[in-house]
Amino acid sequence: ILNVEQSPQSLHVQEGDSTNFTCSFPSSNFYALHWYRWETAKSPEALFVMTLNGDEKKKGQISATLNTKEGYSYLYIKGSQPEDSATYLCAFDNAGNMLTFGGGTRLMVKP
Amino acid sequence: EPEVTQTPSHQVTQMGQEVILRCVPISNHLYFYWYRQILGQKVEFLVSFYNNEISEKSEIFDDQFSVERPDGSNFTLKIRSTKLEDSAMYFCASSEEGRGNSPLHFGNGTRLTVT
């Protein structure tokens with residue numbers, strides 16, 4: 001059983017704060033690491049697919065880094081807005097046609 | 001923007017009954033998946049499907065589960081004899097490429113309640 005863990009489980013920040021959270025995954029048999037944003041009552045929406053150690057990807061005010069040797073990825077949100085409130089999921093792919101998901105970080109941004 | 005659609009949004013069934021969950025993946029995608037999330041737990045992989053056959057399945061996907069692509073557009077998940085522990089949100093997803101190369105596009109899910 002693959003262990004993918006995310007921390008913290010939940011996070012409350014004020015509008016304008018920058019924040020980050022962590023995804024840890026097995027460092028062996030790495031193929032790809034996915035990040036998804038999941039708003040309540042909607043479907044998970046892909047943010048990033050990262051495959052190379054040292055990768056850094058950016059989408060607007062959200063960015064992610066990847067360290068495959070030590071088995072972690074960080075997701076950063078610069079200047080959080082209320083509309084960034086969502087659950088952020090990471091998912092690990094070990095070269096199969098399946099993703100193993102973490103438990104998610106639930107972000108709440110207060111105006 | 002094309003999207004994955006799932007029906008119904010909510011299905012209530014009695015234990016032992018058969019249910020079919022339906023999905024229409026994005027039309028030019030070749031890889032299809034079912035995942036589920038039991039309330040309070042992680043999203044779990046059930047099955048992946050490519051070229052009209054199952055490419056991978058998890059331990060959850062036992063003989064009670066089956067998938068089918070009956071025509072060029074629908075992708076279905078059947079549970080033959082539902083159990084209480086099958087109650088979950090079931091998500092269909094599709095992707096252009098397999099093996100984690102491309103992101104998954106998820107539907108809004110079907111909430112299955114087994115009573």
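The chains referred to below are lettered A, B, ... by the order of the sequence lines, with proteins before strands, and numbering in each begins at 1. Atom set for the values below is all heavy atoms of this structure, side chains included, hydrogens, waters and symmetry mates excluded.
- With a 4.5 angstrom heavy-atom cutoff, Y35(B) touches chain A only via side-chain atoms.
- Other residues, nucleotides and ligands place no more than 12 heavy atoms under 6.0 Å from the CD atom of E59(B).
- Within the model, atoms OG of S102(B) and NE2 of H34(A) stand 7.5 Å from one another, a figure rounded to the nearest 0.5 Å.
- Looking at Q41(B) and F101(A), their side chains never come closer than 4.5 Å, going by heavy atoms from C-beta outward.
- Summarising the local packing, CD of Q14(B) is surrounded by 12 or fewer heavy atoms from other residues, nucleotides or ligands at distances under 6.0 Å.
- Linking ILVMFWY residues whenever their side-chain heavy atoms come closer than 4.5 Å, directly or via other members, leaves F32(B) and V4(B) in distinct clusters.
- No donor-acceptor distance shorter than 3.5 angstrom exists from the side chain of N108(B) to the backbone of K42(A), with no hydrogens or angles considered.
- Between chain B and the options P44(A), G104(A), G102(A), heavy-atom pairs under 4.5 Å are most frequent for P44(A).
- Annotation for D71(B): atom CG counts as buried by contact number, over 12 foreign heavy atoms lying within 6.0 Å.
- In the displayed structure, K57(A) atom NZ is contacted under 6.0 Å by more than 12 heavy atoms of other residues, nucleotides or ligands.
- The 12-atom threshold is not exceeded at CE of M15(B), counting heavy atoms of other residues, nucleotides or ligands nearer than 6.0 Å.
- Without hydrogens or angle criteria, Y33(B) side chain to L99(A) main chain gives no donor-acceptor distance under 3.5 Å.
- Remark: the backbone N or O of E5(A) is not paired with any side-chain donor or acceptor of K42(B) at under 3.5 angstrom.
- Looking only at distances, no side-chain donor or acceptor of S48(B) sits under 3.5 Å from a matching main-chain atom of M98(A).
- A 6.0 Å sphere centred on CD of E18(B) holds more than 12 heavy atoms belonging to other residues, nucleotides or ligands.
- Taken to the nearest 0.5 Å, the CZ atom of F45(B) stands 10.0 Å off from the CG atom of D93(A).
- Not one N or O on the side chain of Y36(A) forms a donor-acceptor pair closer than 3.5 Å with the backbone of P103(B).
- Interface residue W38(A): only side-chain heavy atoms are found under 4.5 Å from chain B.
- Using a 4.5 Å cut-off between heavy atoms, F48(A) makes no contact with chain B at all.
- With a threshold of 4.5 angstrom between heavy atoms, E3(B) does not approach chain A through any atom at all.
- Remark: K83(B) NZ is packed, more than 12 non-hydrogen atoms of other residues, nucleotides or ligands lying under 6.0 Å away.
- Surrounding CZ of R69(B) are more than 12 heavy atoms belonging to other residues, nucleotides or ligands, all under 6.0 Å away.
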